[in-house]
Amino acid sequence: MNDGLNRAKRGAEMNELPFIENGAIAVTDGEISYIGTSEEAKTIIADEVIDCKGKLVTPGLVDPHTHLVFGGSREHEVSLKQQGVSYLDILKQGGGILSTVRETRKTSEQSLINKGLFHLDRLMSYGITTLEAKSGYGLDKDTELKQLRVIKELNKQHAMDLVPTFLGAHAIPEEYKQNSDAFLQEMLNLLPEIKYEHLAEFVDIFCETGVFTVEQSRQFLQKAKEEGFQVKIHADEIDPLGGTEMAAEVGAISAEHLVGASDYGIEKLAASNTIAVLLPGTTFYLGKDKFARARDMIDQGAAVTISTDFNPGSSPTENIHLIMNLAMLKLKMTPEEIWNAVTTNAAYAINRGDKAGKLMVGREADIVLWDADNYHYVPYHYGVNHVQRVFKGGKQIYERRNSL
Ligand code: IZC
Ligand code: ZN
């Protein structure tokens, strides 16, 4: 609903969730033409009426951080993890992201499209109607461009809206092991072509021990900005390097993970317009005890969103409802904060705040009908799918077979 804001909700605003008891929505030509009480809606003459009595109805969800397009999978690394080999050690040994890079390089464009459609259908079944998708499993010109073209094609072929991010700086490929600066320059050299072909809206980098330093990341993102891109950053995911404050300093649209953000980083973040994208599913799947400090961030006034981080290594799940459960249990977010996080704030984190994440007259009718009679129920009943029906631009794109 219209909250009167044309930016992400921050701090205490996140705890305000506008909702209508006994509400009704009318859709005309794919757009919302009425939203209000069902009493007032009685005068509307409709071709088709969907009875939502006793059901929660929300905007389509937005997932602001996925690594949707990849070859292969990484279940073979689970036993290594069980033996205590860390995520970053697996990467150092040439596995992890680099294993997915080898698979993605040898997978055809058509196979990546088929695989992407499969995962998109599953993401859609959880009520997601808009999502961000990153490249980053090519680390060479041909494969990075292949991934971005696949994302463009998926956006055409699938009902969901995809927003592309260039994450060429996701890891240091074997070929550049001794010269990460030269590799970053090679990725920067791709930007004019990416821009010209509208293949990405954002540029992202993995700032982490053994990957790219804070200074390399800062310079890389500044150059990407000069090329006309908005920037994102994987920051302080595993080691606390100070990427959080750097994201605020370079004016990143969003900073992702932030598990190791320092007091200073949180302070800088809260004073900036950078949106914190928190990924509790990843922390859970990496087997860590310490989660991102969402409470401190929100209480100090930051804008926060959450995401699946869907990827084959650190978060192999499309289940955004599980992420909502974890946000409640581990990030100590309130149901109101969680719903704002997966709708309007997620949309702003990918520059779609004026299109997605709110139910408003004049907007595309991206609507989810839930098997729940109140919004507290979804983060509470954990690990399962609560969606009954999903509509994109007024058209039904998903329906559960047996519903309550
Ligand atoms: O494939 O491991 N953190 N990138 C940075 C990832 C997780 C995805 C992966
Ligand atoms: Zn990521």
Side-chain angles (χ1 to χ4, degrees), residues 63-78 80-81 85-105 107 112 115-116 119 123 131-139 143-144 147 151 163-173 187 200 202-212 217 231-241 243-244 247 252-260 275-288 292 305-318 320 323 346 349-350:
D63 190 331
H65 181 136
T66 80
H67 302 253
L68 174 73
V69 177
F70 55 86
S73 52
R74 308 227 288 265
E75 60 275 27
H76 55 279
E77 289 175 358
V78 171
L80 279 176
K81 289 184 189 170
V85 187
S86 75
Y87 175 85
L88 288 179
D89 282 338
I90 294 173
L91 177 60
K92 213 165 158 185
Q93 293 165 15
I97 295 171
L98 294 177
S99 137
T100 303
V101 167
R102 285 188 292 276
E103 292 293 329
T104 308
R105 284 180 179 177
T107 306
L112 290 174
K115 199 164 151 74
H119 292 301
L123 287 153
L131 86 165
E132 185 250 23
K134 301 175 193 293
S135 68
Y137 294 125
L139 313 183
T143 318
E144 286 295 319
Q147 270 193 285
I151 295 169
V163 180
T165 294
F166 174 56
L167 178 59
H170 193 193
I172 306 166
M187 292 300 104
F202 305 102
V203 171
D204 195 346
I205 188 166
F206 188 18
C207 178
E208 186 59 69
T209 304
V211 193
F212 303 108
S217 304
V231 299
K232 294 176 167 282
I233 175 171
H234 283 66
D236 298 331
E237 173 178 355
I238 295 159
D239 290 338
L241 301 184
T244 308
I253 183 167
S254 64
E256 345 269 305
H257 290 288
L258 314 188
V259 180
I275 299 174
V277 181
L278 306 183
L279 310 162
T282 311
T283 313
F284 168 72
Y285 202 77
L286 290 175
K288 307 264 180 187
T305 177
I306 57 176
S307 156
T308 57
D309 189 16
F310 174 57
N311 77 70
S314 61
S315 190
T317 185
E318 296 93 337
I320 187 100
I323 306 304
I350 55 172

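Counting starts at 1 for both ligands and their atoms, following the listed order.
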- [ ] Kindly state each residue pair satisfying salt bridge (Lys or Arg N to Asp or Glu O under 4.0 Å) with at least one member in residues 307-318, sequence neighbours excluded.
- [x] Arg122-Glu318
Open item on the list: Counting only heavy atoms not in Phe284 (residues, nucleotides, ligands), do more than 12 fall under 6.0 Å from its CZ?
Closed with: no
TODO: Output all residues satisfying ring pair (Phe, Tyr, Trp, His ring centres under 6.0 Å) with Phe70, sequence neighbours left out; order by chain, then residue number.
DONE: His119, Phe310
Open item on the list: Any side-chain to backbone donor/acceptor pair from Asp204 onto Leu167? Under 3.5 Å, distance only.
Closed with: no
Task: Considering only N, O or S atoms of His67, the one closest to the Zn ion (ligand 2) - done: NE2
TODO: Please work out whether the ring planes of His234 and His65 are parallel, tilted or perpendicular, with thresholds of 30° and 60°.
DONE: perpendicular
Task: Test side chain to side chain contact (heavy atoms under 4.5 Å, CB included) applied to Leu279 and Glu237, step by step - done: CA-CA 9 Å; Leu279 310 162; Glu237 173 178 355; over 6 Å; no
Task: Opening angle at the Zn ion (ligand 2) [NE2, His65; NE2, His234; to 10 degrees] - done: 100°
Please produce the table of protein N or O atoms sitting under 3.5 Å from N or O atoms belonging to ligand 1, one pair a line, distance to 0.1 Å.
from, atom 1, to, atom 2, distance (Å)
ligand 1, 1 (O), Arg74, NH1, 3.0
ligand 1, 1 (O), Arg74, NH2, 3.4
ligand 1, 1 (O), Tyr137, OH, 2.6
ligand 1, 2 (O), Arg74, NH2, 2.8
ligand 1, 2 (O), Tyr87, OH, 2.5
ligand 1, 3 (N), Tyr87, OH, 3.3
ligand 1, 3 (N), Glu237, OE1, 2.9
ligand 1, 3 (N), Glu237, OE2, 3.3
ligand 1, 4 (N), His170, NE2, 2.7

TODO: Name all residues meeting the ring pair (Phe, Tyr, Trp, His ring centres under 6.0 Å) criterion together with Tyr87; count only those two or more places apart in sequence or in a different chain, and write none if there are none.
DONE: none
